[in-house]
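Accompanying notes for the structure given below.
Residues take their numbers from the sequence shown, with the count starting at 1.
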Amino acid sequence: ERDIIISASQFANNYLTTFVDVTEQKKAEKTLNESKEMLRKLLFTSSELIDSGDIKLDYQRMTDIIIEISGAKYASFNMMEENSNEFTTVAISGMSDIQYKASSILGFNPMNKKWKNDPNRAAKISQDIITRFETLRELTGAVISSKIISIIENTFQLGEINVVKITKNNKLIGDFTLFFTKDSSLQNQEIVELFVNSLGLFFERKIAIELLRTSEEKYRYLFANNPQPMWIFDLKTLEFLEINQAAIDLYGYTREEFLSMTIREIRPPEEVSKILKSVKTSSEEFNSVGEWRHTKKNGDIIIVDVTVVPVVSNGRKARHVMVQDITERKQAEEALKESEDKYRTMIENSNDIIWTLDQDAKFTFLNDKALSITGIVQEEWIGKSFLPLAMEGELPMLMNIFVRTMDGESCSYELLFKVAEDNIRTIQTNTSPIMIEGKVVGVVSFGRDITEQKSAEKALRGSEDLYRN
(Lines give C-alpha, C1' and ligand atoms only; values in the text may rest on other atoms or scores of the structure.)
Protein backbone atom coordinates (compact mmCIF):
# COMPACT_ATOMS: atom_id res chain seq x y z
CA GLU A 1 0.00 0.00 0.00
CA ARG A 2 1.42 3.35 -1.08
CA ASP A 3 0.46 6.93 -0.39
CA ILE A 4 0.04 8.77 -3.73
CA ILE A 5 -0.73 12.45 -4.38
CA ILE A 6 -2.50 12.93 -7.75
CA SER A 7 -2.74 16.29 -9.52
CA ALA A 8 -4.19 17.14 -12.98
CA SER A 9 -3.69 20.15 -15.27
CA GLN A 10 -5.57 20.99 -18.52
CA PHE A 11 -3.68 22.09 -21.61
CA ALA A 12 -6.12 22.92 -24.43
CA ASN A 13 -8.03 19.70 -25.01
CA ASN A 14 -5.54 17.58 -23.07
CA TYR A 15 -5.05 16.80 -19.39
CA LEU A 16 -1.71 16.32 -17.65
CA THR A 17 -1.95 14.06 -14.67
CA THR A 18 0.94 13.69 -12.20
CA PHE A 19 1.39 11.01 -9.55
CA VAL A 20 3.74 11.64 -6.58
CA ASP A 21 4.59 8.75 -4.27
CA VAL A 22 4.77 10.27 -0.73
CA THR A 23 4.83 6.98 1.14
CA GLU A 24 8.34 7.47 2.49
CA GLN A 25 7.60 11.09 3.33
CA LYS A 26 4.51 10.02 5.24
CA LYS A 27 6.51 7.37 7.08
CA ALA A 28 9.15 9.95 7.95
CA GLU A 29 6.49 12.36 9.18
CA LYS A 30 4.91 9.60 11.24
CA THR A 31 8.28 8.64 12.68
CA LEU A 32 9.02 12.29 13.40
CA ASN A 33 5.67 12.80 15.11
CA GLU A 34 6.19 9.63 17.14
CA SER A 35 9.66 10.85 18.12
CA LYS A 36 8.24 14.23 19.08
CA GLU A 37 5.56 12.57 21.19
CA MET A 38 8.14 10.26 22.74
CA LEU A 39 10.42 13.21 23.47
CA ARG A 40 7.53 15.21 24.95
CA LYS A 41 6.60 12.28 27.17
CA LEU A 42 10.24 11.75 28.13
CA LEU A 43 10.77 15.40 29.04
CA PHE A 44 7.62 15.38 31.15
CA THR A 45 8.62 12.13 32.88
CA SER A 46 12.23 13.27 33.41
CA SER A 47 11.10 16.60 34.86
CA GLU A 48 8.65 14.78 37.09
CA LEU A 49 11.41 12.47 38.33
CA ILE A 50 13.98 15.20 38.89
CA ASP A 51 11.54 17.58 40.57
CA SER A 52 10.15 14.86 42.80
CA GLY A 53 10.70 15.44 46.50
CA ASP A 54 10.23 11.73 47.18
CA ILE A 55 13.55 10.05 47.89
CA LYS A 56 12.14 6.60 47.03
CA LEU A 57 13.55 5.36 43.72
CA ASP A 58 10.98 3.73 41.42
CA TYR A 59 13.30 1.46 39.45
CA GLN A 60 10.42 -0.42 37.84
CA ARG A 61 8.93 2.72 36.36
CA MET A 62 12.29 3.75 34.95
CA THR A 63 12.73 0.32 33.34
CA ASP A 64 9.23 0.42 31.83
CA ILE A 65 10.03 3.83 30.30
CA ILE A 66 13.28 2.62 28.71
CA ILE A 67 11.35 -0.30 27.13
CA GLU A 68 8.83 2.11 25.61
CA ILE A 69 11.52 4.46 24.26
CA SER A 70 14.00 1.91 22.93
CA GLY A 71 11.64 -0.68 21.46
CA ALA A 72 13.35 -3.46 23.44
CA LYS A 73 11.44 -6.66 24.18
CA TYR A 74 12.90 -7.07 27.66
CA ALA A 75 15.01 -4.87 29.92
CA SER A 76 16.78 -5.17 33.24
CA PHE A 77 17.94 -2.33 35.46
CA ASN A 78 21.22 -2.98 37.28
CA MET A 79 22.59 -0.73 40.05
CA MET A 80 26.21 -0.73 41.17
CA GLU A 81 26.74 -1.43 44.87
CA GLU A 82 28.40 1.46 46.71
CA ASN A 83 32.12 0.81 47.33
CA SER A 84 31.82 -2.67 45.87
CA ASN A 85 32.68 -4.55 42.67
CA GLU A 86 29.14 -5.93 42.39
CA PHE A 87 25.87 -4.82 40.86
CA THR A 88 22.28 -5.83 41.65
CA THR A 89 19.34 -6.30 39.27
CA VAL A 90 16.73 -4.00 40.83
CA ALA A 91 14.02 -4.15 38.15
CA ILE A 92 12.98 -6.26 35.14
CA SER A 93 10.48 -5.15 32.49
CA GLY A 94 8.70 -7.04 29.70
CA MET A 95 8.97 -10.44 31.38
CA SER A 96 6.09 -10.48 33.86
CA ASP A 97 4.35 -13.36 32.05
CA ILE A 98 7.48 -15.45 31.38
CA GLN A 99 9.68 -14.57 34.37
CA TYR A 100 8.98 -17.97 35.95
CA LYS A 101 10.19 -19.71 32.78
CA ALA A 102 13.36 -17.58 32.73
CA SER A 103 14.01 -18.37 36.40
CA SER A 104 13.56 -22.09 35.73
CA ILE A 105 16.08 -22.03 32.88
CA LEU A 106 18.65 -20.00 34.82
CA GLY A 107 18.15 -21.92 38.06
CA PHE A 108 17.65 -18.66 40.00
CA ASN A 109 15.44 -15.58 40.02
CA PRO A 110 17.36 -12.74 38.29
CA MET A 111 15.38 -10.15 40.27
CA ASN A 112 17.52 -8.75 43.12
CA LYS A 113 20.37 -11.02 42.01
CA LYS A 114 23.86 -9.76 42.85
CA TRP A 115 26.43 -10.09 40.07
CA LYS A 116 30.19 -9.78 40.07
CA ASN A 117 31.26 -6.98 37.76
CA ASP A 118 32.95 -8.88 34.90
CA PRO A 119 36.17 -6.99 33.91
CA ASN A 120 35.68 -7.88 30.20
CA ARG A 121 32.12 -6.54 30.20
CA ALA A 122 33.25 -3.44 32.13
CA ALA A 123 36.01 -2.78 29.57
CA LYS A 124 33.61 -3.14 26.61
CA ILE A 125 31.08 -0.62 27.96
CA SER A 126 33.64 1.84 29.34
CA GLN A 127 33.83 4.16 26.31
CA ASP A 128 30.27 4.85 25.11
CA ILE A 129 26.91 5.47 26.74
CA ILE A 130 25.35 2.70 24.61
CA THR A 131 27.26 -0.49 23.77
CA ARG A 132 25.82 -3.06 21.33
CA PHE A 133 26.42 -6.80 21.72
CA GLU A 134 25.60 -9.22 18.90
CA THR A 135 24.78 -12.11 21.19
CA LEU A 136 24.06 -12.95 24.81
CA ARG A 137 27.34 -14.92 24.96
CA GLU A 138 29.27 -11.79 23.99
CA LEU A 139 27.60 -9.93 26.86
CA THR A 140 27.84 -12.52 29.64
CA GLY A 141 31.19 -14.15 28.90
CA ALA A 142 31.68 -17.12 31.20
CA VAL A 143 29.14 -15.95 33.81
CA ILE A 144 26.38 -18.15 32.30
CA SER A 145 27.07 -21.55 30.70
CA SER A 146 26.87 -21.95 26.91
CA LYS A 147 24.07 -24.51 27.21
CA ILE A 148 21.85 -22.17 29.21
CA ILE A 149 22.62 -19.29 26.85
CA SER A 150 21.49 -21.38 23.86
CA ILE A 151 18.25 -22.32 25.61
CA ILE A 152 17.56 -18.67 26.53
CA GLU A 153 18.31 -17.36 23.02
CA ASN A 154 16.08 -19.99 21.38
CA THR A 155 13.28 -19.71 23.94
CA PHE A 156 13.04 -15.93 23.80
CA GLN A 157 14.25 -15.49 20.21
CA LEU A 158 16.90 -13.04 21.33
CA GLY A 159 18.86 -10.93 18.90
CA GLU A 160 21.11 -8.01 19.71
CA ILE A 161 21.59 -6.66 23.25
CA ASN A 162 22.39 -3.09 24.21
CA VAL A 163 23.88 -1.94 27.52
CA VAL A 164 22.98 1.68 28.33
CA LYS A 165 25.08 3.25 31.10
CA ILE A 166 23.90 5.67 33.77
CA THR A 167 26.73 7.79 35.11
CA LYS A 168 27.19 10.54 37.70
CA ASN A 169 30.32 12.69 37.47
CA ASN A 170 31.82 10.12 35.06
CA LYS A 171 31.30 7.35 37.62
CA LEU A 172 29.17 4.33 36.66
CA ILE A 173 26.18 4.05 38.99
CA GLY A 174 24.09 1.60 36.97
CA ASP A 175 22.91 0.46 33.56
CA PHE A 176 19.97 -0.81 31.56
CA THR A 177 20.46 -4.09 29.68
CA LEU A 178 18.10 -4.04 26.68
CA PHE A 179 17.19 -7.35 24.99
CA PHE A 180 15.83 -7.26 21.43
CA THR A 181 14.22 -10.02 19.37
CA LYS A 182 15.96 -11.18 16.19
CA ASP A 183 13.89 -8.94 13.93
CA SER A 184 14.33 -5.69 15.90
CA SER A 185 17.01 -3.24 17.03
CA LEU A 186 17.46 -0.12 19.13
CA GLN A 187 15.10 2.76 18.35
CA ASN A 188 15.30 6.44 19.30
CA GLN A 189 18.96 6.27 20.33
CA GLU A 190 19.25 10.02 20.94
CA ILE A 191 16.16 9.96 23.18
CA VAL A 192 17.48 6.92 25.06
CA GLU A 193 20.75 8.78 25.72
CA LEU A 194 18.82 11.88 26.80
CA PHE A 195 16.76 9.74 29.20
CA VAL A 196 19.74 8.10 30.91
CA ASN A 197 21.47 11.51 31.17
CA SER A 198 18.39 12.86 32.94
CA LEU A 199 18.47 9.80 35.22
CA GLY A 200 22.08 10.63 36.08
CA LEU A 201 20.91 14.08 37.21
CA PHE A 202 18.01 12.47 39.05
CA PHE A 203 20.28 10.10 40.97
CA GLU A 204 22.73 12.89 41.72
CA ARG A 205 19.94 14.99 43.19
CA LYS A 206 18.42 12.10 45.12
CA ILE A 207 21.78 11.11 46.58
CA ALA A 208 22.42 14.74 47.58
CA ILE A 209 18.96 14.91 49.20
CA GLU A 210 19.57 11.63 51.02
CA LEU A 211 22.97 12.80 52.27
CA LEU A 212 21.45 16.10 53.41
CA ARG A 213 18.55 14.31 55.09
CA THR A 214 20.93 11.89 56.81
CA SER A 215 23.16 14.76 57.88
CA GLU A 216 20.17 16.67 59.28
CA GLU A 217 18.96 13.59 61.17
CA LYS A 218 22.43 13.03 62.65
CA TYR A 219 22.68 16.71 63.57
CA ARG A 220 19.26 16.68 65.23
CA TYR A 221 20.08 13.49 67.12
CA LEU A 222 23.45 14.83 68.28
CA PHE A 223 21.86 18.16 69.20
CA ALA A 224 18.95 16.66 71.13
CA ASN A 225 20.99 13.99 72.95
CA ASN A 226 24.24 15.86 73.47
CA PRO A 227 25.27 15.92 77.14
CA GLN A 228 26.51 19.48 76.63
CA PRO A 229 23.75 22.11 77.09
CA MET A 230 23.05 23.94 73.81
CA TRP A 231 20.45 25.99 72.03
CA ILE A 232 19.80 27.99 68.86
CA PHE A 233 18.54 31.57 69.04
CA ASP A 234 17.34 34.05 66.42
CA LEU A 235 19.99 36.69 65.82
CA LYS A 236 17.39 39.43 65.27
CA THR A 237 14.74 38.72 67.92
CA LEU A 238 17.03 36.82 70.36
CA GLU A 239 14.24 34.23 70.76
CA PHE A 240 15.13 30.62 71.53
CA LEU A 241 14.43 28.50 68.42
CA GLU A 242 15.75 25.11 69.59
CA ILE A 243 16.80 23.77 72.98
CA ASN A 244 18.27 20.42 73.96
CA GLN A 245 17.50 18.28 76.99
CA ALA A 246 20.82 18.99 78.71
CA ALA A 247 20.02 22.73 78.73
CA ILE A 248 16.53 22.03 80.09
CA ASP A 249 18.07 19.94 82.89
CA LEU A 250 20.69 22.58 83.72
CA TYR A 251 18.51 25.70 83.76
CA GLY A 252 15.28 24.18 85.08
CA TYR A 253 12.91 25.65 82.48
CA THR A 254 10.59 23.40 80.44
CA ARG A 255 10.99 23.26 76.65
CA GLU A 256 7.80 25.28 76.22
CA GLU A 257 9.06 27.94 78.65
CA PHE A 258 12.39 28.20 76.85
CA LEU A 259 10.72 28.57 73.43
CA SER A 260 8.64 31.48 74.76
CA MET A 261 11.74 33.31 76.10
CA THR A 262 14.70 35.28 74.77
CA ILE A 263 18.34 34.92 75.75
CA ARG A 264 18.02 38.10 77.84
CA GLU A 265 15.96 36.20 80.39
CA ILE A 266 18.73 33.82 81.46
CA ARG A 267 21.10 36.72 82.27
CA PRO A 268 21.38 38.69 85.49
CA PRO A 269 19.89 42.18 84.92
CA GLU A 270 23.31 43.85 85.19
CA GLU A 271 24.65 41.78 82.25
CA VAL A 272 21.82 42.27 79.74
CA SER A 273 23.48 45.27 78.07
CA LYS A 274 26.70 43.30 77.84
CA ILE A 275 25.05 40.38 76.02
CA LEU A 276 23.22 42.73 73.63
CA LYS A 277 26.55 44.30 72.70
CA SER A 278 28.15 40.88 72.26
CA VAL A 279 25.37 39.74 69.89
CA LYS A 280 25.55 42.95 67.89
CA THR A 281 29.29 42.59 67.34
CA SER A 282 29.32 38.79 66.85
CA SER A 283 31.17 37.54 63.79
CA GLU A 284 30.10 35.05 61.13
CA GLU A 285 32.73 32.58 62.28
CA PHE A 286 33.06 29.92 64.97
CA ASN A 287 34.20 31.68 68.12
CA SER A 288 34.56 31.21 71.83
CA VAL A 289 33.06 34.17 73.71
CA GLY A 290 34.45 33.21 77.11
CA GLU A 291 32.91 33.05 80.57
CA TRP A 292 29.43 34.42 81.35
CA ARG A 293 27.11 34.52 84.34
CA HIS A 294 23.68 32.96 83.73
CA THR A 295 20.54 32.74 85.87
CA LYS A 296 18.69 29.46 86.43
CA LYS A 297 14.90 29.29 86.88
CA ASN A 298 15.35 29.00 90.67
CA GLY A 299 17.44 32.19 90.74
CA ASP A 300 20.84 30.52 91.18
CA ILE A 301 23.73 32.17 89.35
CA ILE A 302 26.00 29.81 87.40
CA ILE A 303 29.20 30.52 85.49
CA VAL A 304 29.36 29.05 81.99
CA ASP A 305 31.96 28.90 79.25
CA VAL A 306 30.24 29.82 75.97
CA THR A 307 31.03 28.85 72.37
CA VAL A 308 28.99 30.25 69.45
CA VAL A 309 28.61 29.01 65.85
CA PRO A 310 26.74 30.99 63.14
CA VAL A 311 23.88 28.95 61.56
CA VAL A 312 20.75 29.47 59.48
CA SER A 313 17.56 28.00 60.98
CA ASN A 314 14.50 27.86 58.69
CA GLY A 315 15.84 30.75 56.66
CA ARG A 316 16.59 32.91 59.73
CA LYS A 317 20.06 34.04 60.75
CA ALA A 318 20.77 32.39 64.05
CA ARG A 319 23.47 31.31 66.48
CA HIS A 320 24.13 27.82 67.80
CA VAL A 321 25.29 28.22 71.41
CA MET A 322 27.13 25.55 73.42
CA VAL A 323 27.72 26.11 77.12
CA GLN A 324 29.73 24.31 79.75
CA ASP A 325 28.83 24.81 83.40
CA ILE A 326 32.12 25.71 85.10
CA THR A 327 30.63 26.96 88.38
CA GLU A 328 32.13 24.20 90.51
CA ARG A 329 35.46 24.49 88.73
CA LYS A 330 35.59 28.25 89.34
CA GLN A 331 34.68 27.73 92.99
CA ALA A 332 37.39 25.07 93.28
CA GLU A 333 39.90 27.36 91.58
CA GLU A 334 39.03 30.17 93.97
CA ALA A 335 39.35 27.84 96.97
CA LEU A 336 42.63 26.51 95.62
CA LYS A 337 43.93 30.03 95.11
CA GLU A 338 43.03 30.92 98.68
CA SER A 339 44.66 27.71 99.86
CA GLU A 340 47.74 28.36 97.74
CA ASP A 341 48.03 31.90 99.05
CA LYS A 342 47.66 30.62 102.61
CA TYR A 343 50.23 27.85 102.26
CA ARG A 344 52.60 29.95 100.17
CA THR A 345 52.71 32.46 103.04
CA MET A 346 53.40 29.64 105.47
CA ILE A 347 56.10 28.14 103.21
CA GLU A 348 57.77 31.45 102.47
CA ASN A 349 57.93 32.30 106.19
CA SER A 350 58.82 28.80 107.37
CA ASN A 351 62.01 28.20 109.37
CA ASP A 352 62.48 25.03 107.34
CA ILE A 353 64.35 24.87 104.05
CA ILE A 354 61.86 23.79 101.32
CA TRP A 355 62.56 22.98 97.69
CA THR A 356 60.95 20.94 94.90
CA LEU A 357 62.35 19.06 91.92
CA ASP A 358 60.59 17.83 88.78
CA GLN A 359 60.91 14.36 87.22
CA ASP A 360 64.27 15.35 85.70
CA ALA A 361 65.69 16.43 89.07
CA LYS A 362 65.48 20.11 88.13
CA PHE A 363 64.54 22.82 90.64
CA THR A 364 60.98 24.11 90.37
CA PHE A 365 60.82 26.00 93.69
CA LEU A 366 63.05 27.19 96.58
CA ASN A 367 61.67 29.12 99.53
CA ASP A 368 63.33 32.16 101.09
CA LYS A 369 64.91 30.09 103.89
CA ALA A 370 66.57 27.79 101.34
CA LEU A 371 67.96 30.78 99.50
CA SER A 372 69.29 32.47 102.67
CA ILE A 373 70.95 29.31 104.08
CA THR A 374 72.53 28.12 100.82
CA GLY A 375 73.28 31.46 99.21
CA ILE A 376 71.67 30.22 95.97
CA VAL A 377 70.22 32.79 93.55
CA GLN A 378 66.77 31.45 92.62
CA GLU A 379 66.74 32.83 89.06
CA GLU A 380 70.00 31.03 88.30
CA TRP A 381 68.80 27.60 89.45
CA ILE A 382 65.08 27.28 88.63
CA GLY A 383 64.87 24.78 85.77
CA LYS A 384 68.38 23.45 86.40
CA SER A 385 69.53 20.17 87.95
CA PHE A 386 70.52 20.03 91.63
CA LEU A 387 73.44 17.66 90.82
CA PRO A 388 76.17 20.36 90.41
CA LEU A 389 75.39 21.50 93.99
CA ALA A 390 76.09 18.04 95.48
CA MET A 391 79.35 17.67 97.42
CA GLU A 392 81.89 15.10 96.34
CA GLY A 393 80.98 11.73 97.80
CA GLU A 394 77.30 12.73 98.32
CA LEU A 395 76.17 12.24 94.69
CA PRO A 396 75.55 8.44 94.74
CA MET A 397 73.44 8.75 97.90
CA LEU A 398 71.42 11.68 96.53
CA MET A 399 70.75 9.93 93.21
CA ASN A 400 69.62 6.80 95.06
CA ILE A 401 67.25 8.86 97.22
CA PHE A 402 65.83 10.69 94.17
CA VAL A 403 65.15 7.42 92.35
CA ARG A 404 63.51 5.86 95.42
CA THR A 405 61.35 8.91 95.96
CA MET A 406 60.23 8.93 92.30
CA ASP A 407 59.19 5.31 92.92
CA GLY A 408 56.88 6.58 95.68
CA GLU A 409 59.09 6.16 98.78
CA SER A 410 59.70 8.84 101.43
CA CYS A 411 63.30 9.18 102.70
CA SER A 412 65.06 10.83 105.70
CA TYR A 413 68.77 11.66 105.57
CA GLU A 414 71.47 14.21 106.38
CA LEU A 415 72.72 16.36 103.55
CA LEU A 416 76.03 18.24 103.49
CA PHE A 417 75.98 21.55 101.62
CA LYS A 418 79.06 23.63 100.92
CA VAL A 419 78.20 27.30 101.28
CA ALA A 420 81.82 28.50 101.20
CA GLU A 421 85.26 26.93 101.41
CA ASP A 422 85.22 27.02 105.19
CA ASN A 423 81.44 26.79 105.66
CA ILE A 424 79.80 23.38 105.22
CA ARG A 425 76.27 23.13 106.49
CA THR A 426 74.51 19.94 107.63
CA ILE A 427 70.86 19.75 106.62
CA GLN A 428 68.49 17.19 108.19
CA THR A 429 66.23 16.37 105.23
CA ASN A 430 62.91 14.60 104.60
CA THR A 431 62.04 13.98 100.95
CA SER A 432 58.61 12.83 99.69
CA PRO A 433 57.01 12.26 96.29
CA ILE A 434 54.64 14.84 94.76
CA MET A 435 51.54 12.96 93.56
CA ILE A 436 48.99 14.19 91.04
CA GLU A 437 46.11 11.86 90.14
CA GLY A 438 48.09 8.91 91.50
CA LYS A 439 51.21 9.67 89.46
CA VAL A 440 54.57 10.87 90.85
CA VAL A 441 55.44 14.12 89.07
CA GLY A 442 58.33 15.31 91.26
CA VAL A 443 59.72 15.45 94.80
CA VAL A 444 59.48 17.92 97.69
CA SER A 445 62.16 18.20 100.37
CA PHE A 446 61.94 19.78 103.83
CA GLY A 447 65.27 20.49 105.51
CA ARG A 448 66.50 21.99 108.78
CA ASP A 449 69.97 23.38 109.32
CA ILE A 450 71.47 21.31 112.19
CA THR A 451 75.07 22.46 111.71
CA GLU A 452 75.28 24.12 115.14
CA GLN A 453 73.53 21.15 116.74
CA LYS A 454 76.05 18.78 115.16
CA SER A 455 78.93 21.00 116.32
CA ALA A 456 77.52 21.07 119.87
CA GLU A 457 77.14 17.30 119.85
CA LYS A 458 80.71 16.93 118.66
CA ALA A 459 81.99 19.29 121.38
CA LEU A 460 79.97 17.40 124.00
CA ARG A 461 81.45 14.09 122.89
CA GLY A 462 84.94 15.65 123.08
CA SER A 463 84.30 16.81 126.61
CA GLU A 464 83.01 13.40 127.65
CA ASP A 465 86.08 11.70 126.20
CA LEU A 466 88.35 14.17 128.06
CA TYR A 467 86.49 13.56 131.31
CA ARG A 468 86.81 9.76 130.97
CA ASN A 469 90.51 10.04 130.29
Side-chain angles (χ1 to χ4, degrees), residues 34 38 42 57-82 84-167 172-193 195-196 199-200 203:
E34 288 175 350
M38 189 70 70
L42 170 64
L57 302 175
D58 191 344
Y59 297 121
Q60 189 61 54
R61 184 183 177 199
M62 297 174 191
T63 313
D64 292 342
I65 292 171
I66 199 76
I67 283 264
E68 184 177 357
I69 297 170
S70 66
K73 182 67 173 176
Y74 316 109
S76 66
F77 191 169
N78 308 301
M79 287 294 291
M80 293 297 298
E81 297 291 323
E82 191 71 25
S84 172
N85 195 34
E86 295 181 332
F87 59 87
T88 301
T89 300
V90 295
I92 297 174
S93 185
M95 294 184 66
S96 58
D97 55 338
I98 58 172
Q99 191 165 341
Y100 176 76
K101 182 186 289 187
S103 299
S104 299
I105 295 171
L106 290 168
F108 57 82
N109 187 349
M111 186 64 182
N112 296 319
K113 167 75 174 173
K114 286 187 182 293
W115 309 83
K116 291 287 184 184
N117 193 18
D118 179 25
N120 294 325
R121 177 182 182 275
K124 289 176 182 176
I125 69 172
S126 62
Q127 297 299 318
D128 301 313
I129 294 177
I130 300 177
T131 305
R132 181 177 180 274
F133 294 87
E134 294 284 348
T135 64
L136 184 59
R137 162 61 62 202
E138 186 183 356
L139 170 68
T140 62
V143 174
I144 301 175
S145 70
S146 298
K147 183 179 179 180
I148 291 177
I149 285 177
S150 296
I151 295 172
I152 291 173
E153 287 180 335
N154 292 329
T155 301
F156 301 108
Q157 292 295 299
L158 293 183
E160 70 174 58
I161 299 165
N162 287 265
V163 175
V164 186
K165 295 190 303 182
I166 304 170
T167 60
L172 179 65
I173 58 176
D175 67 56
F176 291 106
T177 303
L178 307 180
F179 300 88
F180 295 85
T181 55
K182 290 181 178 179
D183 57 350
S184 62
S185 60
L186 179 66
Q187 300 173 20
N188 303 311
Q189 179 171 335
E190 294 84 358
I191 299 178
V192 168
E193 291 181 356
F195 179 61
V196 293
L199 285 185
F203 281 115

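Every side-chain contact (heavy atoms from CB on, under 4.5 Å) that I173 has, sequence neighbours left out, goes to I166, K168, F203. Every residue meeting the salt bridge (charged side-chain N to carboxylate O under 4.0 Å, His left out) condition with E81, not counting sequence neighbours, appears here in chain and number order: K114. Checked against salt bridge (charged side-chain N to carboxylate O under 4.0 Å, His left out), K182 has no partners two or more places apart in sequence or in another chain. I67 meets the side-chain contact (heavy atoms from CB on, under 4.5 Å) test with A72, A75, S93; sequence neighbours excluded. By the side chain to side chain donor-acceptor pair (under 3.5 Å) test, Q127 pairs with no residue at all, sequence neighbours left out. With sequence neighbours excluded, the residues satisfying ring-ring contact (aromatic ring centres under 6.0 Å, His included) with Y59 are F77. With sequence neighbours excluded, the residues that form a salt bridge (charged side-chain N to carboxylate O under 4.0 Å, His left out) with E86 are K116. In this view, E190 satisfies the salt bridge (charged side-chain N to carboxylate O under 4.0 Å, His left out) rule with no residue, not counting sequence neighbours. Not a single side chain to side chain donor-acceptor pair (under 3.5 Å) links E153 to another residue, sequence neighbours left out. Evaluation of the side chain to side chain donor-acceptor pair (under 3.5 Å) rule for D183 yields T181 as partners, not counting sequence neighbours. For E160, the side chain to side chain donor-acceptor pair (under 3.5 Å) partners are R132, N162, not counting sequence neighbours.
Using modelled atom types and a 3.5 Å distance limit, the side chains of N78 and T177 yield a donor-acceptor pair. Between the side chains of T88 and W115, no donor-acceptor pair of N or O atoms lies under 3.5 Å.
When side chains are defined from C-beta on, I130 counts as touching V192, because their heavy atoms get closer than 4.5 Å. With contacts defined as side-chain heavy-atom distances shorter than 4.5 Å, the pair K73/F179 does not qualify. Side-chain contact between I92 and T63: absent, with no pair of heavy atoms (C-beta onward) separated by less than 4.5 Å. Considering only heavy atoms from C-beta on, F195 stays 4.5 Å or farther from S70 through its side chain.
A donor-acceptor pair is defined here as one N or O able to donate and one able to accept, closer than 3.5 Å; such a pair exists between the side chain of D58 and the backbone of R61. With K165 contributing its side chain and I125 its backbone, the two residues share a donor-acceptor pair below 3.5 Å.
Within 6.0 Å of NZ in K124 there are more than 12 heavy atoms belonging to other residues, nucleotides or ligands.
Put simply, CD on E134 and CG on L139 are 12.5 Å apart, with the number rounded to the nearest 0.5 Å.
Sorted by first and then second residue, the side chain to side chain donor-acceptor pair (under 3.5 Å) pairs with a member in residues 138-151 read R137-S146; sequence neighbours excluded.
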Derivation and outcome, side chain to side chain contact (heavy atoms under 4.5 Å, CB included), residues F180 and L186: CA-CA 8 Å; F180 295 85; L186 179 66; 3.9 Å; yes

For a side chain to side chain contact (heavy atoms under 4.5 Å, CB included) check, start with the C-alpha distance between T89 and N112, then their side-chain angles and the critical distance, and finish with the verdict. CA-CA 5 Å; T89 300; N112 296 319; over 6 Å; no

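Ring-centre distance between Y74 and F156: below the 6.0 Å cut-off.
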